[in-house]
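A quick write-up on the structure given underneath.
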Amino acid sequence: MQSKISSFFKPSSSTADPSQCCSVMFDYGRLQPEIVVTYQRRPQNSIGEINGASTGEASKEIDLGKFAPDLGVAKSGKVLNKKRKYAQFYLELGQSDFLLHTCTICGFKYARGDEGDEKFHKTFHKNYTHGIPFKGWRNERVLQIPPLEIGRIILVLDDDPPPQRNKVQEVVKMMEMELGDGWIYHQLCKVYLFISSQRISGCLVTEPIKKAYKILSRSEGSRCKVSPEKEARRTSTTLQFGGVSFQREIVRINQSTKSHEESDSGVILCEKEAVSALCGIRAIWVSPSNRRKHIASYLLDAARGTFCKDLVLKRSELAYSQPTSVGRAFISSYTSSDSLFVYTTSDL
């Protein structure tokens with residue numbers, strides 16, 4: 001037979017007093033050793049120490065730069081003083097000059113809003129309107145014919161030093177904006193530069209020639225004439241509608257306007273027989289802000305007095321290449337005559 005179950009719960013001699021056991025259980029927290037946890041703050045200015053942290057510590061860090069990249073926050077929590085860059089955006093709504101805008105004065109094409117293009121266009125626009133900057137040379141071939149108070153005229157030849165020829169090429173590129181590319185300058189040319197306020201405000205390119213042709217002036221009698229009967233018939237045209245009559249009125253075009261339109265057609269009529277000539281005016285250019293100041297006339301006067309040695313040419317002895325309507329008007333004013341001489345490239 002098994003013993004009573006109460007015998008299993010009899011306290012042994014080695015068992016402690018229940019009251020003491022309970023007191024021990026209730027004082028468990030007091031009897032345990034005290035554990036002190038210390039934390040050391042890592043330096044925030046050392047990126048290498050942050051990257052070299054342990055895996056456990058790195059997992060507890062919050063990547064602030066990932067969640068707020070625009071605020072410039074680093075992994076260490078430090079806000080960087082980063083300068084923002086703003087970009088200007090535009091809407092394309094079918095504008096003809098959306099990509100490149102063309103300046104109406106200098107003809108330069110640039111992108112609006114682009115800081116580099118805006119700055120380059122500003123420099124080019126000033127050089128085009130006021131002239132190319134020029135500080136001067138040590139050995140300048142200054143011409144004093146005639147003496148000028150507003151500036152000076154410098155002659156540049158093909159055998160001059162490279163800095164002078166490079167400056168001529170820079171002026172020629174500016175001239176090609178209006179006169180066309182690839183024909184203005186060659187080795188046999190003599191270049192006259194007008195210097196005013198430390199800028200090249202005018203340029204004249206001349207070349208030696210052998211012959212030229214005189215331009216035929218259009219006479220008013222060459223136009224087709226209408227008989228008086230036809231003229232009266234035109235003016236007396238009427239339309240009758242019952243008791244109401246309508247008469248057609250003829251408006252005459254001004255003869256000066258018509259002749260100006262004929263001169264713009266680009267057709268030049270010359271005499272067949274050529275005459276001997278020495279100086280050919282290949283191209284002439286004056287900056288827009290310096291026009292109407294007789295600079296072109298000063299350049300032509302300097303060329304007449306210095307192109308040929310010991311010989312001063314007359315104004316009517318100069319020949320011109322490819323004169324435009326504006327050029328013909330200037331030449332007529334300079335020579336005080338409607339007759340002028342022109343030449344071609346085969347006449348050199």
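A quick note: this is a predicted structure, and the numbers were derived from the prediction, not measured.
Across Q164 and N139, no two heavy atoms sit closer than the pair NE2-O, 3.3 Å. Summarising the geometry of G131 relative to S287, their closest heavy-atom pair is N-CB, 4.0 Å, with the distance given to 0.1 Å. Nearest approach of I184 to C189, heavy atoms of both residues: O-SG, 4.2 Å. A pairwise comparison of heavy atoms in Y320 and R315 identifies OH-O, 4.4 Å as the closest pair. The shortest non-hydrogen separation linking D181 to E176 is OD1-CB, 3.3 Å.
Not one N or O on the side chain of E317 forms a donor-acceptor pair closer than 3.5 Å with the backbone of L278. No donor-acceptor distance shorter than 3.5 angstrom exists from the side chain of T129 to the backbone of S289, with no hydrogens or angles considered. Looking at S196, its side chain does come within 3.5 Å of a backbone N or O of I150 through a donor-acceptor pair. Side-chain N or O atoms of K190 include one that pairs as donor or acceptor with a backbone N or O of F307 at under 3.5 Å. Here the side chain of D117 pairs a donor or acceptor atom with the backbone of A111 at under 3.5 angstrom. The main-chain N or O of R328 is found under 3.5 Å from a side-chain atom of S332 such that the two form a donor-acceptor pair. With hydrogens and angles disregarded, no donor-acceptor distance shorter than 3.5 Å links the side chain of R304 to the backbone of V312. For R291 (side chain) and A296 (main-chain N/O), no donor-acceptor pair under 3.5 Å exists by modelled atom type.
Sorted by first then second residue, the salt bridge (charged side-chain N to carboxylate O under 4.0 Å, His left out) pairs that include residues 130-144, not counting sequence neighbours, are E140-R152, R141-D160.
Criterion: ILVMFWY side-chain heavy atoms under 4.5 Å apart, direct or through other members. Under it, L188 and L193 are not part of a common hydrophobic cluster. V172 and I295 end up in different hydrophobic clusters when Ile, Leu, Val, Met, Phe, Trp and Tyr side chains are linked at under 4.5 Å. Linking ILVMFWY residues whenever their side-chain heavy atoms come closer than 4.5 Å, directly or via other members, places F194 and Y192 in the same cluster. Under a hydrophobic-cluster definition in which Ile, Leu, Val, Met, Phe, Trp and Tyr are linked whenever side-chain heavy atoms come within less than 4.5 Å, directly or via other members, L340 and L313 are assigned to the same cluster. M175 is connected to I132 through a chain of hydrophobic side-chain contacts under 4.5 Å among Ile, Leu, Val, Met, Phe, Trp and Tyr, so both are in one cluster.
Residues S337 and T335 bring no donor and acceptor atom of their side chains to less than 3.5 Å of each other.
Rounded to the nearest 0.5 Å, atoms CD1 (I281) and CG (L318) are 5.0 Å apart. Here E207 contributes atom CD and S321 contributes atom OG; the two are 6.5 Å apart, rounded to the nearest 0.5 Å. To the nearest 0.5 Å, atoms CG (L204) and CZ (R282) are separated by 12.5 Å. Annotation: the span from K109 atom NZ to F124 atom CZ amounts to 12.5 Å, rounded to 0.5 Å. Taken to the nearest 0.5 Å, the OG atom of S297 stands 6.5 Å off from the OH atom of Y334. In this structure, CD1 in I209 is found 10.0 Å from CZ in F341, a value given to the nearest 0.5 Å.
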Hey, mind stepping through L155 and L157 against side-chain contact (heavy atoms from CB on, under 4.5 Å) and telling me if it holds? CA-CA 7 Å; L155 175 61; L157 303 178; 4.1 Å; yes
Evaluate side-chain contact (heavy atoms from CB on, under 4.5 Å) for F134 paired with V171, printing each intermediate quantity in order. CA-CA 11 Å; F134 179 76; V171 178; over 6 Å; no
Given the rule in the side-chain contact (heavy atoms from CB on, under 4.5 Å) test, do I195 and I153 qualify, once you have shown the distances and angles that lead to the verdict? CA-CA 6 Å; I195 313 300; I153 298 177; over 6 Å; no
Would you please test Y343 and K211 for side-chain contact (heavy atoms from CB on, under 4.5 Å) and show each step? CA-CA 7 Å; Y343 70 97; K211 58 183 179 179; over 6 Å; no
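Using cut-offs of 30° and 60° on the angle between ring planes, the pair Y298 and H294 is tilted. A tilted orientation is assigned to the rings of W285 and Y128, their planes being inclined by 30° to 60°.
Contact of the P288 side chain with the I105 side chain is not registered, since no non-hydrogen atoms from C-beta on lie closer than 4.5 Å. Looking only at side-chain heavy atoms (C-beta outward), S339 and K214 come within less than 4.5 Å of each other.
For CD of E118, the number of neighbouring non-hydrogen atoms (other residues, nucleotides, ligands) closer than 6.0 Å is greater than 12. Heavy atoms from other residues, nucleotides or ligands lying under 6.0 Å from CD of Q169 number more than 12.
When the side-chain hydrogen bond (donor to acceptor under 3.5 Å, both in side chains) test is applied to E170, the partners found at least two apart in sequence or on another chain are K167.
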